[in-house]
4 protein chains.
Amino acid sequence: MLIETNQIEQHNQENLSAHQRKFKFITEDISNTEDIVEKLKVFQIAIPSWALGTGGTRFGRFSGPGEPGTLEQKIEDVGLLHKLNQSSGAISLHIPWDIPSDAEKIKALAAAHGLGFDAVNSNTFQDQKGQEHSYKFGSLHHVDPKVRKQAVDHNIEVIKHGVALGSKSLTVWLADGSSFPGQLNFREAFQNTLESLKEIYKHLPADWKMFVEYKGFEPNFYSTTIADWGQSLLLANKLGEKAYTLVDLGHHQPNVNIEQIVALLLMEGKLGGFHFNDSKYADDDLTAGAIKPYQLFLIFNELVDGMDAKGIDHATGLGWMIDASHNLKDPLVDLLQSVEAIKIAYAQALLVDRKALKEAQQANDVVKAQEILQDAFRTDVRSIVAESRLRAGAALDPVQLFRDLKVREKLTEERGAVSIATGL
Amino acid sequence: MLIETNQIEQHNQENLSAHQRKFKFITEDISNTEDIVEKLKVFQIAIPSWALGTGGTRFGRFSGPGEPGTLEQKIEDVGLLHKLNQSSGAISLHIPWDIPSDAEKIKALAAAHGLGFDAVNSNTFQDQKGQEHSYKFGSLHHVDPKVRKQAVDHNIEVIKHGVALGSKSLTVWLADGSSFPGQLNFREAFQNTLESLKEIYKHLPADWKMFVEYKGFEPNFYSTTIADWGQSLLLANKLGEKAYTLVDLGHHQPNVNIEQIVALLLMEGKLGGFHFNDSKYADDDLTAGAIKPYQLFLIFNELVDGMDAKGIDHATGLGWMIDASHNLKDPLVDLLQSVEAIKIAYAQALLVDRKALKEAQQANDVVKAQEILQDAFRTDVRSIVAESRLRAGAALDPVQLFRDLKVREKLTEERGAVSIATGL
Amino acid sequence: MLIETNQIEQHNQENLSAHQRKFKFITEDISNTEDIVEKLKVFQIAIPSWALGTGGTRFGRFSGPGEPGTLEQKIEDVGLLHKLNQSSGAISLHIPWDIPSDAEKIKALAAAHGLGFDAVNSNTFQDQKGQEHSYKFGSLHHVDPKVRKQAVDHNIEVIKHGVALGSKSLTVWLADGSSFPGQLNFREAFQNTLESLKEIYKHLPADWKMFVEYKGFEPNFYSTTIADWGQSLLLANKLGEKAYTLVDLGHHQPNVNIEQIVALLLMEGKLGGFHFNDSKYADDDLTAGAIKPYQLFLIFNELVDGMDAKGIDHATGLGWMIDASHNLKDPLVDLLQSVEAIKIAYAQALLVDRKALKEAQQANDVVKAQEILQDAFRTDVRSIVAESRLRAGAALDPVQLFRDLKVREKLTEERGAVSIATGL
Amino acid sequence: MLIETNQIEQHNQENLSAHQRKFKFITEDISNTEDIVEKLKVFQIAIPSWALGTGGTRFGRFSGPGEPGTLEQKIEDVGLLHKLNQSSGAISLHIPWDIPSDAEKIKALAAAHGLGFDAVNSNTFQDQKGQEHSYKFGSLHHVDPKVRKQAVDHNIEVIKHGVALGSKSLTVWLADGSSFPGQLNFREAFQNTLESLKEIYKHLPADWKMFVEYKGFEPNFYSTTIADWGQSLLLANKLGEKAYTLVDLGHHQPNVNIEQIVALLLMEGKLGGFHFNDSKYADDDLTAGAIKPYQLFLIFNELVDGMDAKGIDHATGLGWMIDASHNLKDPLVDLLQSVEAIKIAYAQALLVDRKALKEAQQANDVVKAQEILQDAFRTDVRSIVAESRLRAGAALDPVQLFRDLKVREKLTEERGAVSIATGL
C-alpha cells in the first residue's frame with residue numbers, strides 16, 4: 001500500500017490548530033526554535049530491514065500479520081514509515097537475509113520511496129544452508145583459517161552488494177566468543193579478528209567506513225571477542241582511519257556510563273555510529289526511549305556537544321540506526337515510536353544552554369549544571385518535533401495516522417496473515 | 001545403543017589402581033568418608049528431556065549429530081547417562097514436546113533403563129500449532145479468562161500425563177510478564193496468576209507437589225509476573241502446603257546471594273527443588289559449576305545444613321534437576337560434566353565440619369569460619385565421588401568412557417546426523 | 001535565619017506573570033488540573049535530620065560551610081526548606097545523633113516552623129562511645145543475646161523519644177549481615193532478628209507503625225540479613241499488622257524492577273513508606289530524579305494506582321521521606337531539588353489517563369499503554385507544581401529564592417564555616 | 001614483636017610429617033612439581049601500608065586492638081607477615097599517610113625485616129589539613145589549573161619519597177569524576193587528566209613505571225574519569241612506554257570478564273600490575289579468593305599464559321599487590337589468607353597442561369578445554385604452596401602459627417588496644 005500525500009495533508013489540517021497552539025507556546029520560551037526545527041527536519045534515522053518483522057527470543061516468536069516477506073516489501077514498509085515521519089529515509093540491509101537479485105531495480109524502488117541505503121550488515125553468526133564451514137565456534141576469530149577466509153569473503157561480498165546499492169558503510173557485528181573458560185585463547189582470538197578485519201578493510205572503497213560493533217555477551221556466555229568499547233577502539237585504531245566504533249545501546253554490562261563512552265569516542269575521532277534501542281536487563285532490544293529516556297537525552301547531549309566541538313555535521317557525520325526487536329508490538333508502530341523518542345531526545349539536547357552549562361562546569365556549580373540539563377529534559381518538545389515533520393511534509397501524528405489509515409490491516413490484506421519476515 | 005555392564009567393568013578395572021591410590025589418600029584425612037560415599041551413591045539428579053538436544057539462542061542454533069528425535073530416544077539418552085554415572089536416574093518431561101502416546105510402554109522403557117519420571121513441566125510460553133488462544137501476552141496471568149482457562153487446562157493435562165507415568169510433581173514456569181511500562185497491571189497480573197494456580201492446584205493429586213518457578217527476566221524484558229523468590233513464596237504460601245518455590249540458579253538479578261535465599265526457603269519449609277546450571281551474565285544456562293563453582297558449593301553448604309536441621313532426606317526430600325542448554329558441547333557430555341560438578345559440590349558440603357563452623361559462628365570468628373568452608377572446598381573430593389560411582393556400578397570416569405565407547409558416533413550412525421531434538 | 005513571608009511574596013510577584021502564562025497553557029489541555037494542584041499542595045515529604053549536612057564516602061568527606069551543628073539548627077534548616085516549598089513539613093530524627101534534651105522545647109520550636117516529626121530512626125550500625133557491646137558483628141541478629149538486648153533496648157528508647165515528640169512510626173534499618181561466606185548462619189540470623197523485632201514491636205504504641213527497611217548490601221559485603229523486599233515482607237507478616245516494609249530506592253540489586261515491588265507490597269497491604277533518592281551503581285544516595293526520572297515516575301504511577309485501589313490517602317497513608325547524601329552539593333539546595341523531582345513525578349502520575357490505560361491493558365494494546373504513560377511523562381508539569389506552591393504560600397522557584405536571599409551565606413555567617421552536622 | 005626463626009622451625013617440625021604425606025601424594029601425579037615449587041617460592045605479593053589497620057565503610061569503622069600507629073609499626077607488621085610466609089617481601093606506601101621522616105632509617109628498618117619498597121601511592125582524593133586547594137571536585141582532571149598543579153606537585157613529591165626508599169613505580173588512583181549529569185565535560189576532564197599525568201610522567205625516573213589505575217565508580221556516583229581499562233589504556237598509550245594499566249579486581253561493573261581484559265593488556269604490553277581483593281557487589285575489598293576463587297584462578301591462568309608468551313618474568317615482571325579492607329577480621333590474618341589464596345590460584349594456573357589446552361582450543365574441543373582447567377582447579381595444591389614456604393624458611397601454616405604465637409595479643413600489649421592505623 002501507499003500513503004498518499006493528500007492523506008497526510010488532510011491529517012495535518014485536522015490537527016493543525018491544536019499543534020499551532022502548542023508550538024506557539026514553546027517558541028516564546030526558546031530563542032533558537034527555528035534552528036532546532038531545521039536540524040530535526042534533516043535528521044534521518046535508518047531502519048534495519050530485520051526490524052520490520054516481529055523479533056523473537058530463544059523461547060519462541062509470536063509473529064504478527066502482514067509482515068514483509070520480500071526485500072521489496074521491506075522497502076515498501078520503510079517507505080510507509082518515511083512517508084509518515086520523513087525521518088526514516090534510509091534502509092540498512094542484512095546479508096544474506098536481503099540479497100538484492102537486481103540491485104538497480106531495488107535502488108529504483110527505494111528511490112521511488114525517497115529512500116537511500118545505509119550501512120550494509122554482514123552475518124557470520126548463523127550458518128546458512130549449503131555453507132561449507134560452520135560458524136558454531138566463531139567466524140573472523142576462528143582458529144581455522146579456512147573458516148576465517150569464508151567469513152572474510154562473505155564480508156567482501158556484502159561490500160559488493162552495498163556498492164551496488166549506494167551504501168557507504170559496512171557494519172561488522174561478530175557473535176564470536178566463547179561460552180566456557182578455556183575454550184578460547186583470548187589473545188589469539190583478538191589477533192585473528194584483527195587479521196580478518198584487515199583483509200576486509202582492504203576491500204573497503206575509499207569513501208566507505210567500517211563500523212566495528214561491540215557487545216558484552218549473547219549469544220556467547222563467557223567471553224565475547226569484541227566485548228566492549230575498549231576492544232572495538234583498539235581494533236579500529238589498528239585498522240586505520242576508515243574504521244570506527246559503533247555503539248549499540250543494549251550492548252553494555254549493567255550500570256556502564258554510555259554517554260561518557262560516546263564522548264570519549266568522539267574525542268578520539270572514532271565514533272562511527274549508533275544502534276538505538278532500550279533495555280532494562282541485557283540486550284533487550286526494546287523501543288528507543290521506552291525504559292531510560294533520560295539516558296537517551298544524556299547521550300544526545302554528549303553527541304551534540306562533541307559533534308559541534310569536532311565540526312561534525314549532525315545529520316550526516318555519524319551513522320544513525322535503530323536496532324530493536326519488536327516481540328509484542330506492531331513493528332512499524334514500534335519504529336515510529338522509536339524515531340519519535342530519538343528526535344525528542346535530540347531536540348532536548350539542542351535546547352541545552354551550552355554557554356551556561358560551560359560556566360557552571362567551570363565553576364563546579366553542580367546544582368546549576370543539573371538544573372540546566374533537567375530544564376531541557378523537562379521541557380515538552382513534542383510540538384517542536386511535530387513542527388519539523390509538518391515542514392517536511394510528514395504527518396503531525398504518525399502513529400495516529402497509521403491507525404486511521406488502517407495500514408496494518410491493509411498490509412495484511414495484501415500479504416496475508418502468515419507472512420513472516422526474515423530476521424531474528 | 002546400549003552400554004553393557006561389562007564395558008563399565010572393564011573401564012573400571014583399567015582405572016582402579018589409580019583411583020584407589022587417591023581414594024585411600026583422602027580417606028586418611030576424613031573421618032566420615034563412608035557416610036559421604038553412601039550419600040553420594042543414592043543422590044540422583046533428574047535430566048530434563050529438552051537438555052538432550054543442542055539448545056540455541058535467538059541468534060540461531062548449531063545442532064549436533066545424533067540428537068534424539070523421539071521420546072523413546074530421549075529415554076535412551078538418559079539411560080546412557082545413568083548407565084555411565086548411576087546418578088541420573090530420572091527424566092523430567094516437557095509437555096507438549098514429549099507427549100507419551102502410550103504411557104505404559106514409555107514407563108516400561110524407562111524402567112528397563114532404571115529410570116523414573118521426575119517433575120512434569122507445562123509449557124504456556126509458546127504457541128502450539130492449532131492452539132485456540134495465543135500466549136503472546138501471557139498465560140496464567142492473562143487479562144482474558146479464556147486464555148487463562150486454556151493454560152489451566154493444559155496444566156491439568158500435564159498432571160494427567162505425569163500421573164500416568166508416575167511423576168510426583170508439576171513444575172510451573174511462566175514466561176508471563178511485560179516488555180513495556182504500562183503494558184500490565186502488576187497487581188491484577190499477580191491475582192490472575194494466583195487464581196489460575198489455585199485451579200491447577202485443585203487437580204494436584206494428594207501426594208504431588210507443585211513447584212512455582214521464578215525468573216528475573218527473559219523472554220519478557222520489563223517485568224516478569226513471578227520474578228523473584230519473594231513473589232514465588234507469596235504464591236506458594238497462598239496456594240497451600242503442596243506448593244513450593246523452585247530455584248533455578250540462572251534466574252536472578254546480578255549479584256543476588258542465592259545461598260541465603262535457599263537457606264530462608266528451607267527455613268520456611270517452602271523450598272521445592274532446584275534447576276542446576278551456571279551463568280556469568282543472565283540466564284546463560286551453562287554447565288553446572290562451569291563459572292562459579294564456589295557459589296555452587298556454598299549453596300550445597302546451605303542445603304545440607306538446612307535439610308539436616310529440618311530432617312529432610314537429601315536424596316528424596318527436594319527435587320534435583322539440571323536445566324542447561326548446550327549450545328556448543330555435546331549435550332550428553334555436558335550433562336555428565338554438570339552431574340559431576342554438582343556431586344563434587346555436594347561432597348564438599350558434606351565435608352564441612354559443622355560443629356566447628358557452629359562454634360566459629362557463635363564466636364564471630366570470621367577467619368575460622370572462612371577457613372572451615374575453604375578447607376572443604378579446596379579438598380580434592382573427586383576420588384570420593386568416583387568411589388560412590390564405583391560402588392553403584394557406574395564408571396569411574398564417565399566422560400572418558402563416553403569417548404572410548406564412541407557413544408555419539410554410534411548414536412549418529414543410528415539416528416543420522418540431522419536428527420534434531422525438540423526443545424529450545 | 002528566617003525567611004519572611006513578604007520575601008516569598010515579593011519573589012512570587014516578580015515571577016507571577018511568567019508562571020501564569022505557563023500554567024494557563026497547561027490547564028487548557030488537562031481536565032483535572034485543579035484536583036492535581038490540590039493533591040500536590042498537601043503532599044509533604046519528610047526531611048531526615050542527617051541529610052542537612054554533607055555526607056561522605058569511606059574515602060572522605062568534603063563538608064560545606066554553615067552546616068547545622070545542633071538539633072535546633074537542623075530544625076531551623078528544615079524550617080527554611082518548608083518556608084520555601086511548603087512541602088517539607090516534617091523532620092525525621094535519628095537517635096543518637098539527634099537526642100532532644102528537652103522534647104517539649106524541641107516540639108515547640110518545630111511547631112513554630114510549621115513542622116511535625118516523622119518516623120524516628122534507630123542506629124545499631126555504629127558503636128557509640130561508652131556502649132557496652134559492639135555492633136561489629138550485628139545487632140538484632142547477633143549471636144549473643146546480650147547484644148541483641150542492648151539493640152532492642154535502644155530501639156525502645158528511640159520509640160520513647162518519638163512518643164515525646166509526636167512521631168508515629170519507627171524505622172528500623174539494620175546493617176546486620178556478613179562479609180564472608182560461613183560467617184553467619186542465615187536461618188539463625190533471621191530468627192534472631194525476628195525475635196528482636198518482636199520485642200521492639202511489643203513496645204510500639206497502638207497508633208504507631210514499624211517500618212522494616214531492607215538493603216541489598218553495604219556495609220556488609222556478602223550477605224545482609226534483611227536484604228530484599230521478600231525478606232522484609234516475611235518479617236512484617238510475622239510481626240503483625242503494625243509492621244510494614246519500607247522501600248529505599250537505592251537498596252536493590254542492579255536491574256530490579258522496583259515499581260513492581262511497590263505494586264505488590266501495596267496489594268499485600270504492607271507498603272509502609274519510601275526513602276527517596278537516586279542511583280546509578282549502588283546505594284549512591286543521589287538527588288531524587290537525578291539519574292532515572294522515568295523510573296521515579298513509574299513508581300509514582302504504581303503508587304497512585306495502588307493507593308487509589310486500596311483507598312489509601314496519598315498525603316497521609318504512607319511515609320514519604322528523602323534519604324540522600326549530598327557529597328558535592330549544598331544540602332539544602334539538593335533537598336529542594338529532590339522535593340521538586342518527587343512532586344514532578346507525582347504530578348505526572350496524576351496526569352495518567354487511568355481509564356484509557358485500563359482499556360489498553362485489557363486489550364493488550366502495548367503501544368497505546370506506552371503512549372499513555374509517555375504522554376504523561378513528557379508533559380511539562382512544572383507550572384502545575386509551581387501553582388501548588390503558590391497556593392500554599394511557598395515560593396514559585398525555591399532554589400532561585402534560596403540563592404537570591406543568600407541563605408547559605410547567612411547561615412555560614414551565623415554558624416561559621418566549619419560547623420559540621422552529625423550524620424554519615 | 002619479632003617472630004624468631006626457631007619458632008618457625010619448631011612449628012614446621014610439628015607439622016612436617018603430615019605435610020610430607022600430602023606433598024608426596026601430589027608430586028606423584030604432577031610432572032613439574034619442582035618447577036612450581038620454585039616459582040611459588042620467589043613469588044612475592046606486596047602489602048599496602050593501609051591494609052594493616054581495620055578499614056571502614058561510610059557507616060563507620062570497628063577498629064581492632066594493636067593496630068600499627070606509625071610507619072615503623074607498619075613495617076614491623078609486614079615484617080611479621082613476611083617472616084610467617086616469606087611471600088610478603090615488600091611494602092607499598094601511601095603518601096601522605098606514611099611520609100618517612102628519615103628515609104634511610106626506614107629503609108634500614110625494612111631491610112632488617114627483609115622487605116623492599118613496592119609502588120608508592122599518591123592521594124589526591126582527600127583534603128589534608130592546611131592544603132591550599134580542595135579536591136572536592138577532583139584533582140588531576142580539575143577545571144582549575146591551580147588545583148591540577150597542586151595535585152601534580154603532590155605526585156612529584158611522592159616520586160621523590162619513592163626514590164629515597166628504592167621504590168620503582170608510582171600508582172596513580174584518581175577518585176576524579178562526577179556525581180551528577182552535567183557536572184563534568186567528559187572530554188575536557190580526560191584531556192586535563194592526560195596533561196596532568198604527562199607532567200608527572202616527566203618526573204618519573206628512567207627505571208620507573210607509572211601505574212594508571214581505573215575504577216568504575218565510588219566515591220563518585222555518576223562518572224569516573226578513568227573508569228575502565230579502555231580509558232586507562234588510552235592514557236597509558238598517550239603517556240609513553242613507562243605508563244601501564246593497573247587492574248584492581250574490585251573496580252569493574254557487574255559481570256565484566258576480567259581475565260579477558262588481563263589477557264588483552266598483556267597482549268598490548270600494557271599490563272602494569274594488580275591489586276588483589278575479592279567482591280560480590282562492588283568494590284567490596286574482601287580477602288582475595290573469598291568469593292570467586294575460580295575467577296582468581298582464571299585470571300592467573302591468563303597471567304601465566306600471557307607472561308610466558310611475552311617472556312615476562314612471573315616474579316618481577318608485573319606489580320603484585322593486595323588491596324583489601326579488613327572490616328571484620330584481624331588485618332594481619334586476613335592478609336595471610338589473601339596471600340595464601342593468591343598463591344593457590346597461581347599454583348593451579350601453573351598446573352594447567354598448556355599443550356593439551358592449546359590442542360583442545362585448536363580443535364574447538366570445549367569439553368576438553370573445560371576439563372583441563374577444572375582439573376587444575378580441583379587439584380588440592382595446598383601442600384605445594386606449603387612446600388614452597390617450607391623451603392623458603394617460612395611457616396607451613398602461617399595462620400596457625402600466628403594464633404599459636406598470640407601475635408595480636410602481643411602487639412596489643414605493646415601498642416595498646418586503641419591504636420588506630422591511618423588509612424580508610
Side-chain angles (χ1 to χ4, degrees), chain A residues 136-137 142-144 178-188 190-191 216-217 222-225 227-231 233-234 252-257 259-264 266-268 294 298 301-302 305-306 309 352 357-358 360-364 366-374, chain D residues 136-138 142-144 178-188 190-191 216-217 222-224 227-231 233-234 252-257 259-264 266-268 294 298 301-302 305-306 309 352 357-358 360-364 366-374:
Chain A
K136 184 170 190 166
F137 298 105
H142 203 283
V143 290
D144 184 345
S178 68
S179 280
F180 294 95
Q183 180 186 338
L184 214 62
N185 181 308
F186 295 131
R187 289 174 286 120
E188 192 181 309
F190 187 91
Q191 294 297 348
F217 75 99
Y222 171 61
S223 75
T224 301
T225 296
D228 64 18
W229 76 281
Q231 290 159 42
L233 178 60
L234 212 53
H252 303 82
Q253 299 304 343
N255 306 340
V256 164
N257 187 321
E259 50 269 32
Q260 185 182 11
I261 292 172
V262 166
L264 297 183
L266 273 169
M267 180 186 75
E268 292 294 297
Y294 195 50
L298 292 173
N301 181 47
E302 293 305 324
D305 196 70
V352 171
L357 182 61
K358 186 82 191 168
Q361 288 169 344
Q362 292 297 321
N364 287 307
V366 183
V367 166
K368 193 78 187 165
Q370 178 177 321
E371 275 183 322
I372 290 165
L373 292 194
Q374 287 188 333
Chain D
K136 184 169 190 167
F137 299 106
H142 203 283
V143 289
D144 184 345
S178 68
S179 280
F180 294 96
Q183 181 186 337
L184 215 63
N185 181 308
F186 295 131
R187 288 174 286 120
E188 191 181 311
F190 188 92
Q191 295 296 349
F217 74 100
Y222 170 61
S223 75
T224 301
D228 65 17
W229 77 280
Q231 290 160 42
L233 178 60
L234 211 52
H252 303 81
Q253 300 304 342
N255 306 340
V256 164
N257 187 321
E259 49 269 33
Q260 184 181 11
I261 291 172
V262 166
L264 296 184
L266 274 169
M267 180 185 77
E268 291 294 297
Y294 195 49
L298 292 174
N301 181 47
E302 294 304 325
D305 196 70
V352 170
L357 182 61
K358 186 83 193 168
Q361 288 169 344
Q362 292 297 320
N364 287 307
V366 183
V367 166
K368 193 77 187 165
Q370 178 178 320
E371 276 184 321
I372 291 165
L373 292 194
Q374 287 188 333

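Every chain is numbered from 1 and lettered A, B, ... according to where its sequence line falls, protein lines coming before strand lines. Heavy-atom basis, side chains included; hydrogens, waters and symmetry copies ignored.
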How far does [atom1] of [X] sit from [atom2] of [Y], to the nearest 0.5 angstrom?
X: Asp144(A); Y: Asn364(D); atom1: CG; atom2: CG; value: 8.5 Å
X: Leu357(A); Y: Gln183(D); atom1: CG; atom2: CD; value: 11.0 Å
X: Thr224(A); Y: Gln260(D); atom1: OG1; atom2: CD; value: 7.0 Å

Part of [X] within contact of chain D (heavy atom distance under 4.5 Å):
X: Lys136(A); value: neither
X: Leu298(A); value: side chain
X: Ala363(A); value: neither

Measuring only between side-chain heavy atoms, which start at C-beta, is [X] closer than 4.5 Å to [Y]?
X: Gln253(A); Y: His252(D); result: no
X: Gln362(D); Y: Glu188(A); result: yes
X: Ile261(D); Y: Phe186(A); result: no
X: Val366(D); Y: Ser179(A); result: no
X: Asp228(D); Y: Asp228(A); result: no
X: Asp305(D); Y: Asn185(A); result: yes
X: Trp229(A); Y: Gln231(D); result: yes

Heavy-atom cut-off 4.5 Å, strictly under: side chain, backbone, both or neither for [X] against chain A?
X: His142(D); result: side chain
X: Lys368(D); result: neither
X: Glu268(D); result: side chain
X: Leu373(D); result: side chain
X: Ala360(D); result: neither

Could you please spell out the steps behind the side chain to side chain contact (heavy atoms under 4.5 Å, CB included) verdict for Phe190(D) and Leu264(A)? CA-CA 8 Å; Phe190(D) 188 92; Leu264(A) 297 183; 3.9 Å; yes

As an exercise: rank Ala369(D), Ala263(D), Pro181(D) by heavy-atom pairs under 4.5 Å with chain A and give me the winner.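 Going by pairs under 4.5 Å, I would pick Pro181(D).
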
For chain A, the option from Lys358(D), Glu259(D), Gln370(D) that forms the most heavy-atom pairs under 4.5 Å: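 Highest number of heavy-atom pairs under 4.5 Å: Glu259(D).
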
Go through it in stages, so that I can follow the logic: the residues are Leu234(A) and Leu233(D), the test is side chain to side chain contact (heavy atoms under 4.5 Å, CB included), and I'd like the CA-CA distance, side-chain angles, deciding distance and then a yes or no. CA-CA 10 Å; Leu234(A) 212 53; Leu233(D) 178 60; 3.8 Å; yes

Closest non-hydrogen atom pair between Asn257(A) and Tyr222(D), with its separation: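 For Asn257(A) and Tyr222(D), the tightest heavy-atom pair comes out as ND2-O, 2.9 Å.
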
